**Q** 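Below is the structure I would like to discuss, written out as structure tokens.
Below, all heavy atoms of this structure are taken into account, side chains as well, without hydrogens, waters or symmetry copies. Not measured: the values here are computed from a predicted model. Each chain gets a letter, A, B and so on, in the order its sequence line appears, and its residues count up from 1.
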Amino acid sequence: MTTEVLRKYKTFSQEDFAEMIKLVLIPFLALLFFLATWSIGASRVETSLGALPGPASVWTQFSVLIDEHNAERTKEAAFYERQEKRNAKKLAKNPDAKVKIRSYTGKPTFFDQIMTSLYTVFTGFILGSLIAIPLGIISGLSNTMYRAINPIVQVMKPVSPLAWLPIVTMVVSAVYVSSDPMFSKSFVTSAITVTLCCMWPTLINTAVGVSSIDKDLLNVSQVLRLNFMTKVWKIVLPSAMPMIFTGLRLSLGIGWMVLIAAEMLAQNPGLGKFVWDEFQNGSSNSLSRIMVAVLVIGFIGFVLDRGMLLLQKKVSWDKSAVLR
Amino acid sequence: MSNEYLNIDYVTMDFPTPDGPYRALNKVDLVIEQGEFISLIGHSGCGKSTVLNIVAGLLQATEGGVVLEGKEVNEPAPDRAVVFQNHSLLPWLTAYQNVELAVKQVFKRTKSRSEMKEWIEHNLHLVHMDHAMHKLPSEISGGMKQRVGIARALAMQPKVLLMDEPFGALDALTRAHMQESLMEIQADLKNTVIMITHDVDEAVLLSDRIVMMTNGPSATIGEILDIELPRPRNRVALSDDPTYNHYRHQVLQFLYERQRNPAEIEEENELADEVDAQASDVVLNLVKSEEAA
């Protein structure tokens with residue numbers, strides 16, 4: 001028993017240590033090298049807003065953004081507290097008095113903008129997936145449908161979000177008319193642009209996944225005379241699931257990239273607008289703040305991708321498949 | 001024909017190719033009685049699977065047709081259940097769920113939920129799979145997967161059971177074991193079975209009749225051999241039985257003398273060509289050397 005434990009301990013101290021160096025030390029050194037290069041390189045680039053910020057000033061601005069967020073929240077809490085007190089006083093004087101409850105109208109902080117961006121990208125992404133997956137299944141099952149859709153998809157796929165945006169903006173302004181809109185126009189425009197750009201990978205991958213289903217499984221479905229829905233639900237979907245998820249991951253990645261551009265132009269109060277506003281603002285801190293946004297955008301993109309991977313692992317029937 | 005149950009009536013099958021239609025089957029004609037066990041044997045590419053797929057309704061014959069109990073069949077249905085060579089279980093469903101999918105489809109109006117459960121379990125029991133009912137196909141061996149495939153087919157209560165080289169992918173011992181199981185089930189249920197096989201012993205051991213097919217293109221039935229061995233049959237006892245060996249010999253003779261494997265013949269022809277070429281080289285050299293002299 002003890003020798004076994006010792007052996008385990010020994011193997012840990014030698015082989016696992018080497019493994020740890022590979023896993024932790026190498027990426028860590030690479031990161032250090034990156035930060036050093038950035039720090040030295042950036043200080044040599046002189047812009048109209050001063051030297052290009054290095055890692056240190058970006059980090060400072062990140063904490064400033066957190067402080068600003070906390071300050072805004074405190075102000076908001078204070079605002080509601082004052083309002084409540086005022087209303088309570090009013091009611092104490094005259095129980096029949098009409099009390100107005102106003103919502104706080106302070107400017108959104110960096111973190112509010114992150115939430116808006118996430119909300120917008122998921123709206124666009126889910127909308128896109130709801131269109132792309134059924135369409136992909138149909139065109140994967142029917143050669144005629146595939147031939148019909150394929151040229152359109154191939155032409156639409158490479159179109160930049162910036163080209164879609166003016167059209168989407170005009171269409172949304174014309175069609176989405178309401179005196180009390182549930183969503184702001186900028187939100188709808190951004191979300192639809194995301195939809196238009198991110199549905200293609202899902203559509204293509206779903207179609208490919210569905211069309212490469214094992215012929216024998218389709219024969220089984222024929223022998224059993226499964227109706228269309230049962231066939232799709234029991235055979236087609238599970239079989240194409242890995243490909244569908246590959247598509248979904250690509251789509252979400254594209255959607256997130258597209259969103260930042262869309263928000264800049266549509267003025268949807270998310271990360272894109274943050275970057276644009278800082279750019280227009282042009283203070284000495286602007287570049288650092290934009291770089292904070294760049295890093296956060298990258299990090300969120302990474303987290304979204306890992307999230308999709310986790311979800312894929314959860315719904316995948318083949319637990320032995322290597323997903324990366 | 002009083003006992004006609006399944007009639008494969010002059011079936012001809014052409015497949016379209018860029019060089020015009022390719023005739024895979026030519027006037028395959030076979031009448032099968034209820035409860036009969038038929039083996040289709042022949043070399044690869046002789047159209048055995050095509051015959052089976054036409055009976056299953058997965059392919060439509062160019063000429064002729066298939067009549068089951070007096071009705072023509074031209075589309076797939078659970079009354080002609082197929083056991084596929086590579087089991088074709090849905091990998092995301094457990095053994096139980098795979099059979100359940102078939103049972104729900106066939107008996108959705110006639111059986112209650114608990115009756116269905118009982119029926120599924122009964123069929124899995126029949127193929128000795130009760131212990132691994134709730135395992136996924138990836139968690140069980142090849143032989144077990146094929147058992148589940150058979151259970152799924154049996155659970156449909158088919159009029160005809162079609163098996164496309166059901167044990168072709170299994171090792172010899174597992175295959176023997178599966179053949180025993182199949183004979184047991186067959187003694188019990190007396191299904192009408194058409195089985196494709198490559199294995200002469202398997203064909204003789206299991207069948208009432210062996211249908212031997214000629215090589216394609218334009219493959220057709222070359223010979224039909226009635227196997228009049230009493231049942232139950234015992235593999236070991238039969239291996240020393242002169243009648244059994246006689247049947248075996250007849251099938252082998254058909255396959256390896258009268259209908260040789262086309263790939264082999266081609267190989268031999270190539271070899272002969274090569275020898276010819278070498279011979280002519282030698283002659284040429286001789287002539288040349290004579291001329292030089």
Side-chain angles (χ1 to χ4, degrees), chain A residues 133-134 136-137 140-144 147 205-206 208-248 308-324, chain B residues 49 52-60 73-94 97-109 135-139 145-146 148-149 152-166 169:
Chain A
I133 293 175
I137 289 175
L141 286 175
S142 142
N143 264 328
T144 320
R147 283 196 201 103
N205 278 284
T206 306
V208 170
V210 169
S211 63
S212 54
I213 295 177
D214 190 351
K215 188 85 180 49
D216 281 342
L217 296 187
L218 291 178
N219 281 342
V220 169
S221 136
Q222 272 195 296
V223 169
L224 287 175
R225 277 200 181 151
L226 298 181
N227 62 33
F228 183 75
M229 281 321 285
T230 321
K231 175 173 145 188
V232 167
W233 196 244
K234 292 274 183 185
I235 295 184
V236 173
L237 263 182
S239 183
M241 206 43 110
M243 282 298 275
I244 294 178
F245 260 93
T246 307
L248 286 175
M308 287 300 286
L309 191 65
L310 276 182
L311 192 65
Q312 178 172 15
K313 279 185 179 157
K314 192 135 202 175
V315 301
S316 161
W317 50 267
D318 189 0
K319 301 288 178 205
S320 64
V322 181
L323 301 171
R324 48 166 75 205
Chain B
S49 293
L52 201 83
N53 283 336
I54 290 172
V55 177
L58 293 166
L59 287 174
Q60 263 69 51
V73 289
N74 46 21
E75 55 174 0
D79 66 353
R80 279 154 288 128
V82 185
V83 177
F84 296 92
Q85 177 173 12
N86 61 352
H87 65 78
S88 294
L89 299 177
L90 306 185
W92 41 89
L93 298 182
T94 63
Q97 289 168 325
N98 264 290
V99 180
E100 186 186 34
L101 183 69
V103 169
K104 270 192 178 164
Q105 194 62 21
V106 178
F107 299 105
K108 59 187 160 199
R109 286 196 189 80
K135 286 197 169 156
L136 289 172
S138 55
E139 296 164 337
K145 280 180 225 175
Q146 203 52 275
V148 179
R152 177 174 66 183
L154 290 174
M156 299 180 209
Q157 260 185 352
K159 291 177 181 158
V160 182
L161 184 60
L162 304 169
M163 303 172 118
D164 190 353
E165 287 185 48

**Q** Looking at every non-hydrogen atom in both residues, tell me the closest pair between Pro76(B) and Gln222(A) and how far apart they are.
**A** CB-O, 3.5 Å

**Q** Which atoms of Arg152(B) are under 4.5 Å from chain A, going by heavy atoms: the side chain, the backbone, both sets, or neither?
**A** side chain

**Q** Are any side-chain N or O atoms of Trp92(B) and backbone N or O atoms of Ile235(A), one a donor and one an acceptor, separated by less than 3.5 Å?
**A** no

**Q** Which value, rounded to the nearest 0.5 Å, describes the distance between Gln97(B) atom CD and Lys234(A) atom NZ?
**A** 7.0 Å

**Q** How far apart are the closest heavy atoms of Phe84(B) and Val220(A), and which atoms are they?
**A** CE1-CG2, 3.6 Å

**Q** If you look at every heavy atom in Pro91(B) and Leu217(A), which pair is closest and at what distance?
**A** CD-CD1, 4.4 Å

**Q** Please state whether the side chain, the backbone, both or neither of Ala56(B) comes within less than 4.5 Å of a heavy atom of chain A.
**A** neither

**Q** Heavy atom to heavy atom, less than 4.5 Å: which residues from residues 98-105 of chain B reach chain A?
**A** Leu101(B), Ala102(B), Gln105(B)

**Q** Roughly how far apart are Leu89(B) CG and Asp216(A) CG, rounded to 0.5 Å?
**A** 10.5 Å

